[in-house]
Structures are given as C-alpha cells and as structure tokens.
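Atoms within each ligand, like the ligands themselves, are counted from 1 in listed order.
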Amino acid sequence: MTAGANEAADPTAGSDTGQLILGIETSCDETAVGVVEDGVNLRSSVVASQVDLHARFGGVVPEIASRAHLELVNPVIAQALVEAGLELSDLHAVAACSGPGLAGSLLVGVSAAKAVALCQGIPYVGVNHLEGHLYAAFLEEPDLEPPLCFLLVSGGHTMIVAMEGHGRYRVLGQTIDDAAGEAFDKVARHIGLGYPGGPEVDRLAALGDPDAIKFPRPMLDEGFDFSFSGLKTAVATYVKHSPDAEVTDVAAAFQEAVVDVCITKLLRGAAEVGAKTVVIGGGVAANSRLRTRLLDAAEADGRRAFLPSPSLCTDNGAMIAAAAWWRLRADGPTPLSGGAHPGLRLPTID
Ligand code: KG4
Ligand code: ZN
C-alpha cells in the first residue's frame, strides 16, 4: 500500500466542524467501534465483548481473540453506523487502535480501518490505546483544561500521566511489575472467582469489610511508581493459610489496598504538576470503590476529580475516535504503510 492517496485526503484542510470519525478498538478481547463528531460529541459506541469465549480458559487466548475480532469487526462497524444514523460515506476519517495490544488482534482493527479509508478515500489514523483511554474523558467533559493529572489503570498498564497540553504527556510513574487490572484478575482467581476478575471482586467487595484484613500498600510512601505483585502474593498466602476467611472480606481488603495506593499516587502527581483536576481512565477506573473514595479524597485535597462513565473507562471504540481527532489535527493522517505495534508506548515530551 502507498501512503499517497491517504495523505491527500485531510479533512482538517476544509471545514473545522462536523468532522465524523469512526474509531475501531481490537487490541484485546473487546471488538469495539464508536463514532465521534469533532473529537467530543459521542454519536455511537458499540462493544462486542468476547468474555464468554475466553472465560473457560481463565484469561484471553490470543488466537481465539483475533479470530473473533475477524468475525465481529464488520457487524460491529455496521451497528455503530446504524446507531449514529450514518453511512460509511458520511465519515471524514477512520481510526484504529494500532497498539499496544495483541499483535493478531490489533491487525484486524488496523486492516479494517485501512480498508474503509481506501474504499471511501478518507484519512486513516493509527491511535495509541493509552492515549485513547486519556481522551475518553473529553467525550463527557470537553472543557477539561490541561494541566491534568491522570490515573490510567487497565489490564496491561498502571500509570500516573501528566497532560500538559493536548498530545503533550509526561509519565510520572508506572507499575514495576503487575498492572492493577492484572492484580484484580489474579486475586480473583485465588479466591475462586471467574474471568475477568475485576468486576467480580468489585461486586463481592461491596459486601465485605475493607478493614477485616490489613494487606500491604506497596510503595505507598515513595514517588509515583506502583508494585502489585507482592500484594497479590500476600492475598494468595493469606487465603492459603486462612481457608475459612470470608471471600467478601478478602476482596474488600485487597481492593482497599489497591485503591489507597492509586489515590495517594494520583493526588501526589497532581500536586507535583499543579493540576487542579484529576481524571481516571482504563478498565479499573470502573471500580466503584475507587470512584467513591477518589471523589472524597480529591475534595479533601482541594481538587476536582472527573470520573468518566464506567462504559467509557473500559475499552471502547469512541475513545479511539476521540483521540484520533486530536492526532489528525496535530500530525495529519497516518500513512497506510503504518502497521500494528504490540509494544507501543505513550508518546511523551520527556
Ligand atoms: O482498559 P481495559 O478494558 O482493557 C485493557 O486495556 O487492559 O481494562 C481491563 C481490566 C481487567 O483487568 C478488568 O478486570 C479490569 O479492567 N476491570 C475492573 C473493573 N472493571 C474492569 N477492575 C476492578 N473493578 C472493576 N469494576
Ligand atoms: Zn484498555
């Protein structure tokens, strides 16, 4: 494929409003497509979860994921267009998550987006999944003003990110071992819950006592980095030695430890960069205890916490379309020769 035709069709060259972008997200186990107007107006968001396909394996099986994306991507694109009241020919650009994620899964979304770009003669934009999670917030709060401090907590990442301006990020800290979502999923397995464990732990924890067991708060007093591997092991050891412990208490006490660390580091980051507003994103940002406690903690710290709706925290296509709008304005279209990048990092200004 050549880049020429794609680079010629830049919608930002013309009218600045009414730009409709379709975003495709296939980095892991959700086949998701959203349509967003002008980077902030959500027109539709359709998510086809593959959870049932992977549940009996206790985690995502990459080969099954990419095959399922292949079957689902066209119907989900069609559904997202129907829900937005649009046809392919109405779109001004098409975007796909190009990394980080599972190689085979990413390729399905990237290839589908390029096919739409070629057929419609519109620009293609490759979007960083992490940047997508950051931009989900603007779909519900377009007036958010940098500097902002983000807690990005998903199945694969745990980071404190300072947004100094659109597309200008500094990663203040990140996990040195497991991601927060990974810890939720592994602890869920230790206490006999299914996959994905995060929502199950959240549900059970609401019935338990967070102070029943005192689990460690790793690296609470130092800097911005996280470590969840030791906490996960502490829970596994506790469960092994206390087989009669209430599962609800174990879930609540584990969750409280994660929430304590996440909130402490986020507010520390906000103080460091002078951000009056803190924002959360990624699947773990759907956690009900994190959301309730953060609202109180931020207020006590003299800051505002903005919490996107849970359905915009977990993986979705609208966040890809939202980030694509900003990327298109900043960098122009992505050449059709651009591929999928499983290890892609958040671009930083450091
Ligand atoms: O962002 P996401 O949808 O996919 C990745 O980019 O990884 O995050 C998925 C992660 C999983 O580990 C899942 O267990 C966790 O988010 N998660 C939750 C909740 N909902 C999803 N963790 C805790 N509480 C929740 N309510
Ligand atoms: Zn994600």
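Counting heavy atoms from C-beta outward, F150 and V278 have side chains that stay 4.5 Å or more apart. Taking 4.5 Å as the limit, some side-chain heavy atom of Y135 sits within range of a side-chain heavy atom of H166. Inter-residue side-chain proximity for M159 and L130 is flagged as met; some heavy-atom pair is nearer than 4.5 Å. Contact of the P310 side chain with the N287 side chain is not registered, since no non-hydrogen atoms from C-beta on lie closer than 4.5 Å. The side-chain heavy atoms of R291 and C313, taken from C-beta on, include a pair separated by under 4.5 Å.
Checked by atom type, the side-chain pair E200/Y195 shows no donor-acceptor distance below 3.5 Å.
Counting non-hydrogen atoms of other residues, nucleotides and ligands closer than 6.0 Å to CD of E140 gives a total above 12.
The distance from the CD1 atom of I21 to the CG atom of D38 is 8.5 Å, given to the nearest 0.5 Å. Atoms CG and CD1, from L151 and I160 in turn, are 5.0 Å apart once rounded to the nearest 0.5 Å.
Taking a cut-off of 2.8 Å, the protein N, O or S atoms nearer than that to the Zn ion (ligand 2) are H129 NE2, H133 NE2, D315 OD1.
Every protein residue with a heavy atom nearer than 4.0 Å to ligand 1 is included here: H129, H133, S154, G155, G156, G181, F184, D185, G198, P199, D202, G282, G283, V284, A286, N287, T314, D315.
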